[in-house]
Engineer: 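Quick one: the structure is below, questions incoming.
To find a chain, count down the sequence lines: A is the first, B the second, and so on, and within it residues start at 1.
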There are 2 protein chains.
Amino acid sequence: MKTLLRSETKEIHLDTEGPIVIIGEKINPTGHKKLATAYKDGDFKYVRALASRQIAAGADVLDINVGVPGMDEVAMLPEVVKIVASEVEAPLCLDSANPDVLAAALPLTPGKPLINSVNGEEASLNSLLPIVKDHNAAVIGLTMDDEGIPNDAETRLAIAGKILERAAKLGIPIEDVVIDPLVMAVGADSHAAVVTIRAIQLIRQEFGVNINLGASNVSFGLPERQTINEAFLALAVSAGATCVITDPMKHTLTIRAIDMLLGRDEYATRYIGHYRALAKGSN
Amino acid sequence: MKTLLRSETKEIHLDTEGPIVIIGEKINPTGHKKLATAYKDGDFKYVRALASRQIAAGADVLDINVGVPGMDEVAMLPEVVKIVASEVEAPLCLDSANPDVLAAALPLTPGKPLINSVNGEEASLNSLLPIVKDHNAAVIGLTMDDEGIPNDAETRLAIAGKILERAAKLGIPIEDVVIDPLVMAVGADSHAAVVTIRAIQLIRQEFGVNINLGASNVSFGLPERQTINEAFLALAVSAGATCVITDPMKHTLTIRAIDMLLGRDEYATRYIGHYRALAKGSN
């Protein structure tokens, strides 16, 4: 199954047959003081730098989050969208669960963006899915609902089913809903990753949709997080994940290696190309 | 299914339910000039160091190979076995396909070692399996035969079946045969890893036996081999591999991360323990 995303000039497909699509996560002020300050000061040079740096590092799509406490996000998201869209060609991922913020930004977003995210809560489904439909966008659906994040894979599967059903009722094509089965910290719950991997398998098997993951939560609180995150990426992709929200500066080479090992990189062209770009960048 | 290996004082189980067993590969003179020279000079201090260093780095079992051109392996393997067995407590893996070498070393090997390896060639099956049986050893069976290494997973499955059948006829219990489905360089054949991963799945499904892999062939000829090897380890283990012959100094933390992510490391005890040992070692 293919999920089309578009900027003004560029198309990207999330594809259940691969290769893995990388959504760059760095334009997000959470725990990123320099960016929060840049937003507050209206100084967008740093935003432009984060955008072009992530593309150079292999990102296919850029996530944009403007969630700083006290920020007027309704004014800010359209602003940052315009800036990033003028800097890079990649399709965008609008990172907000606030319908007013999305309604303000979507008319100014070129092409067909991804919205990050709806979830199984009634309020979320009711307020966000109509906006997704109106703007012919694609959307990430998180497998949590009014009861929180389920501890078992089967309930996450059921929530994915609910989101897909509600989207279908509004006429949103199934390929425009990307399910994110969520991963919690394995340091807090030894079975956190097992549940997510099982949920990926079940959702892939049952619905055949594209599956997104944030790769770095899993290692929260543990040392040498990159080692854990990269092992988890390989396990998640082998279970059926097709798209990751991550730091491309850290993880693109591993992602290229996974694609290569899964037979999706004839003559290792993309792997070697990325290696050479890295080697060149470090000179 | 559990494969028991024993030294004089220690038991190790290869277990299809995990955790991953690490066979340290460093006592092997192939491409390792310092060790080849030490063998020739009869200077075994370096062998002792390689043995204890691998155990400290997390190896469960130590592979011993004495294959230097011109070496009298029949005399040498028993010698090195005695030295390693006096240095560390781990069970050993005798790395030779020569029945004379194995017949000389096995009576001097304490406990129940692993033999590396038999394969599907008639000459190999006929000459090695009786020795495995006579010494109640366990054995690695490589999925290649008189026709070479098959390009497809199904033929590797068939060879695994042949090895298991021939072993069974001699009264070798199925759990004492560990199948190694072989991995070739992905840089030379884009589908090399796919075939191996598929073979692991088929062999696991059909026979339920323990499955071993050498993890580093896969990256031969490519840059940043560790990144590729570690992604491959995660993919292979998620397919059903239970045991790896590898360099524990390089890969143990990733192996501990994989076990942790697969729910085999309650409270991340082994992962954090290994991280602390590494941090201590580098002080």
Engineer: What distance separates A/Asp259 CG from B/Ser190 OG, expressed to the nearest 0.5 Å?
Structural biologist: 12.0 Å
Engineer: Crowded around A/Phe207 CZ? As in, over 12 foreign heavy atoms under 6.0 Å?
Structural biologist: yes
Engineer: Given A/Val186 and B/Tyr271, is the side chain to side chain contact (heavy atoms under 4.5 Å, CB included) satisfied, shown in steps?
Structural biologist: CA-CA 11 Å; A/Val186 77; B/Tyr271 178 82; over 6 Å; no
Engineer: Flag the one option from A/Glu266, A/Arg256, A/Arg264 with the top tally of heavy-atom pairs under 4.5 Å to chain B.
Structural biologist: A/Glu266
Engineer: Measuring heavy-atom distances to chain A, does B/Glu230 have an atom under 4.5 Å in its side chain, in its backbone, in both, or in neither?
Structural biologist: neither
Engineer: Are any side-chain N or O atoms of B/Tyr275 and backbone N or O atoms of A/Leu222, one a donor and one an acceptor, separated by less than 3.5 Å?
Structural biologist: no
Engineer: Quick check against the 3.5 Å criterion: does A/Tyr267 have a side-chain atom that pairs as donor or acceptor with the backbone of B/Gly187?
Structural biologist: no
Engineer: Taking all non-hydrogen atoms of both residues into account, name the closest pair between A/Ala234 and B/Ala234 and its distance.
Structural biologist: CB-CB, 3.5 Å
Engineer: Around atom NZ of B/Lys162, are there more than 12 heavy atoms of other residues, nucleotides or ligands at under 6.0 Å?
Structural biologist: yes
Engineer: In Å, rounded to the nearest 0.5 Å, how long is the span from CG of A/Leu262 to NE2 of B/His191?
Structural biologist: 10.0 Å
Engineer: If you draw a 6.0 Å radius around CE in B/Met184, do more than 12 non-hydrogen atoms from other residues or ligands fall strictly inside?
Structural biologist: no
Engineer: Chain A: which of B/Leu261, B/Val194, B/Val195, B/Leu253 shares the most heavy-atom pairs with it under 4.5 Å?
Structural biologist: B/Leu261
Engineer: Taking all non-hydrogen atoms of both residues into account, name the closest pair between B/Ser238 and A/Ser238 and its distance.
Structural biologist: OG-OG, 2.8 Å
Engineer: If I measure from the heavy atoms of chain B, does A/Val237 come under 4.5 Å with its side chain, its backbone, both, or neither?
Structural biologist: neither
Engineer: When only pairs under 4.5 Å are counted, which of A/Thr196, A/Asp189, A/Leu235, A/Ile197 shares the most heavy-atom pairs with chain B?
Structural biologist: A/Leu235
Engineer: First locate atom CD1 of A/Ile272, then atom CD of B/Glu224, and finally report the distance between them rounded to the nearest 0.5 Å.
Structural biologist: 12.0 Å
Engineer: Among B/Ala192, B/Gly263, B/Ala268, single out the residue with the greatest number of heavy-atom pairs under 4.5 Å to chain A.
Structural biologist: B/Gly263
Engineer: Let me confirm one number: the CE-OG1 distance from B/Met260 to A/Thr227, rounded to the nearest 0.5 Å.
Structural biologist: 9.5 Å
